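A short write-up of the structure that comes next.
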Amino acid sequence: RRQRQMCIRDRRWIIMPNDGPPYNAVSEQAGWADKYEWSFPTGTVFVKHFELPVDEEDPTIIRRLETRFLILDNTSGAYGLTYRWREDQTDAELVDFNGLEEEISLRTSDGVRNQVWAYPSATQCMQCHTAQSRHVLGVNSRQLNRTFLYGGSQTEENQLIAWSSAGLIKTLGAHNLDTIPSLSKLTDDAPIENRIRSYLDANCSHCHQPGGVRALYDARFDTPLVAQGLINGRTFEPSPNILLNPGNPTGSYLYQRFSSLGVGQMPPLGKNIVHDVAVQQLEDYIQGLNFSSMLPNHWNQTNIGSRFNNGLARFKDGIFEIGSAGYLKDTKDNILFVHRVLEGDFDFRGRINSPRLTGEHHVVYSGLMARENLSPGSPAYFLGDTGDGGNKKSITLVKRLSQDALRIKKILSAGRHPFQRLTRNGQTLRGYYSNDGATWTLGDESTDFAIQDALDVGMYFAGSTDIDGKLNSISLEQISVIPS
């Protein structure tokens, strides 16, 4: 059922309740944010109107199909209404609670073909306009941070600036638009990663995000790639399927569902033909993925221990990014470890930035580690930046002296100290911490290990929350490794 796709035309409006300027920031303006979703006043109405060219030889022949309304009510909820335009195009009628499908006749160079068009019911509207997305799709900074040609004035202007000028949102002030994320169209001259992640955001993120449907990945563009659970990520328990299997499009669950129709198709609603351009770009993206190119030479990433979802790390713009759903236990580790083998003495240091966490209850360990092997209970010596994402911060030294032995923990200092340093000199391991990366405080010195010559040395992140299987992430920078 792959068919040539005639380009749908749509127009959109937004109406916010107001009694004229100056506008009240709470009841008459949208609450905008750099990332994730906006908030809107009660009574805000969103309108989306669809038209379809029905003659390939004459694109001026247009058929009005439907006009949709989304209304935000006074219970922090919303409801949707769909109106189908009559055949004579003079008026539109409300679609009932069953929804509606009809075949639209399209004249092409190969003759007439029929295309199925689905009109959503009020219930089906809310299957996409979900509570976790605050019911509103598309009206956010990442989608509006682009120029648009406004028909009335024939002026091309950034939409965020235009909204601010019109009073629809509070003034942008001194915000640099270059620092606000912006989605890319499939046709944009942008990296394929940006195009694919943008497409997934626009088409999937209303359901696929924390608190959404059962599948474990987070499709939102604002979520770091390593915390999305896409690459080498699992679908849902107990499924063995991998969402994006590097180098293997047909073995990637996401590709299978995007390239199919019927039971199991994605998106599940409003799809009657395969979007060939998107599927081809998704195939190209998966084909180009490989773990060896995600990290610099000599560095590897290993998921140590048992967890349902795999972590992911990459190196970009001088920064290591690590996403993990793992945790640390007394005798076993469940972590993502980014590591390299170092023989003999070394001086290893870096800056650990604040983690990005989901959920409400956090247990976090992150920092630098040296370990004898990659088994879950390996003898290890490591620094831990600990805490719950905002409180009870401390810098901790942890060591496990033998295989599967109980961990020994030592709190070095309360508060957060972003710089960490591990050194080895002969049989002595030392752990340091610092606020500025220049002046170091020795936290611990250990000669308790019968240290082998080669150690796996690197960075780890273990962050567990109350949202099962969701990935947290952290970034580390100014990484310096000096082997003697």
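What you are looking at is a predicted structure, and each value in this text was computed from that prediction instead of being measured.
With a 6.0 Å cutoff to the six-membered ring centre and a 45° limit on the axis angle, Arg197 counts as a cation-pi contact of Phe221.
Side-chain contact, Arg195 with Tyr199: no donor N or O sits under 3.5 Å from an acceptor N or O. In the model, Thr75 has a side-chain atom that pairs as donor or acceptor with a side-chain atom of Asp73 under 3.5 Å. Using modelled atom types, one finds no donor on one side chain facing an acceptor on the other under 3.5 Å when comparing Asp276 with Gln280. Judged by distance alone, the side chains of Glu283 and Tyr255 do bring a donor and an acceptor atom under 3.5 Å apart. In this structure, a donor-acceptor pair under 3.5 Å is absent between the side chains of Ser198 and Asp201. Judged purely by distance below 3.5 Å, without hydrogens or angles, the side chains of Asn158 and Asn145 pair a donor atom with an acceptor atom. At a cut-off of 3.5 Å, with distance as the only test, a side-chain donor of Thr223 or Asp218 sits close to an acceptor on the other residue. Side-chain contact of His129 with Tyr79: a donor-acceptor pair under 3.5 Å is absent, judged by distance alone. Looking at Ser141 and Trp32, their side chains never bring a donor and an acceptor atom within 3.5 Å of each other.
For the pair Ile196/Gln281, a side-chain contact is recorded, criterion being any heavy-atom separation below 4.5 Å from C-beta on. Counting heavy atoms from C-beta outward, Ile231 and Leu243 have side chains that stay 4.5 Å or more apart. A 4.5 Å side-chain heavy-atom check between Pro418 and Ile352 finds every atom pair outside the cut-off. The side-chain heavy atoms of Phe97 and Gln124, taken from C-beta on, include no pair separated by under 4.5 Å. Within the 4.5 Å cutoff, the side chain of Ile242 has no heavy atoms near those of the Leu244 side chain. A heavy-atom distance below 4.5 Å is not found between the side chains of Glu157 and Phe148. His275 has its side chain within reach of Val277: a pair of non-hydrogen atoms, C-beta onward, lies under 4.5 Å apart. Within the 4.5 Å cutoff, the side chain of His49 has heavy atoms near those of the Arg64 side chain.
Side chain of Ser252 to backbone of Leu254: no donor-acceptor contact under 3.5 angstrom is found. Distance alone, capped at 3.5 Å, is enough to place a donor-acceptor pair between the Gln228 side chain and the Arg220 backbone. For Gln420 (side chain) and Leu368 (main-chain N/O), a donor-acceptor pair under 3.5 Å exists by modelled atom type. The backbone N or O of Ile104 sits nowhere less than 3.5 Å from a side-chain atom of Gln115 that would complete a donor-acceptor pair. Remark: side-chain polar atoms of Ser394 are not paired, donor with acceptor, to backbone N or O of Thr396 under 3.5 angstrom. Not one N or O on the side chain of Asp284 forms a donor-acceptor pair closer than 3.5 Å with the backbone of Leu282. Using a distance-only test at 3.5 Å, with no hydrogens or angles considered, a donor-acceptor pair links the side chain of Ser324 to the main chain of Phe461.
Ion pairing of Glu87 with Arg84 is present here, as a side-chain N (NZ or NE/NH1/NH2) and a carboxylate O approach within less than 4.0 Å. Between Glu103 and Arg113 no salt bridge is recorded (no basic side-chain N to carboxylate O distance below 4.0 Å).
Here the CD1 atom belonging to Ile319 is positioned 10.5 Å from the CD1 atom belonging to Ile479, to the nearest 0.5 angstrom. Here the CG-CD distance, from Asp222 to Gln209, works out to 10.5 Å after rounding to the nearest 0.5 Å. Leu168 CG to Glu28 CD: the interatomic distance, rounded to the nearest 0.5 Å, is 11.0 Å. With values rounded to the nearest 0.5 angstrom, Asn245 atom CG is found 8.5 Å from Ile286 atom CD1. From Thr44, atom OG1 reaches atom CD of Gln29 across 11.0 Å, with rounding to the nearest 0.5 Å. In this structure, CD on Glu102 lies 10.5 Å from CG on Asn114, to the nearest 0.5 angstrom.
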Any chance you could lay out the side-chain contact (heavy atoms from CB on, under 4.5 Å) test for Ile474 and Asp385, step after step, and finish with the verdict? CA-CA 11 Å; Ile474 199 165; Asp385 182 20; 5.5 Å; no
Between Glu51 and Ile8, is a side-chain contact (heavy atoms from CB on, under 4.5 Å) present by the stated rule, with each step listed? CA-CA 6 Å; Glu51 298 176 344; Ile8 190 72; 5.8 Å; no
When you look at Ser292 and Asn290, which way does the side-chain hydrogen bond (donor to acceptor under 3.5 Å, both in side chains) test go after all the steps? CA-CA 6 Å; Ser292 62; Asn290 69 80; 2.6 Å; yes
side-chain contact (heavy atoms from CB on, under 4.5 Å), that's the test. Do Phe291 and Gln301 meet it? Break it down for me. CA-CA 8 Å; Phe291 285 116; Gln301 53 182 301; 3.8 Å; yes
Criterion salt bridge (Lys or Arg N to Asp or Glu O under 4.0 Å) on Arg107 and Glu57, from CA distance to verdict: CA-CA 8 Å; Arg107 186 179 300 277; Glu57 302 299 323; over 6 Å; no
One pair to check against side-chain contact (heavy atoms from CB on, under 4.5 Å): Leu295 and Val338. What are the steps and the verdict? CA-CA 9 Å; Leu295 296 172; Val338 179; 4.0 Å; yes
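Screening residues 179-190 for side chain to side chain donor-acceptor pair (under 3.5 Å), with sequence neighbours left out, gives Arg146-Asp188.
The two atoms that bring Tyr83 and Ala92 nearest to each other are CB-CB, 3.7 Å, heavy atoms only. Minimum interatomic distance between Gly311 and Asn303 (heavy atoms only, all atoms of both residues): N-OD1, 2.9 Å. Of all heavy-atom pairs spanning Ala122 and Gly80, the tightest one is CB-O, 3.2 Å. The nearest pair of heavy atoms linking Leu72 to Ala78 is CD2-CB, 3.7 Å. Here the closest non-hydrogen pair linking Thr90 and Trp85 is C-CZ3, 3.9 Å. When all heavy atoms of Ser76 and His135 are compared, the pair lying nearest together is O-NE2, 3.6 Å.
In this structure, Tyr36 places its OH atom where more than 12 heavy-atom neighbours from other residues, nucleotides or ligands lie under 6.0 Å away.
Paired with Leu225 under the rule side chain to side chain contact (heavy atoms under 4.5 Å, CB included), one option of Lys316, Met294, Arg314 passes, and it is Arg314.
Classified by interplanar angle (parallel below 30°, tilted 30° to 60°, perpendicular above 60°), the ring pair Phe315/Phe320 is tilted. The aromatic rings of Tyr119 and Trp117 sit perpendicular to each other, their planes meeting at more than 60°, with 30° as the lower class boundary.
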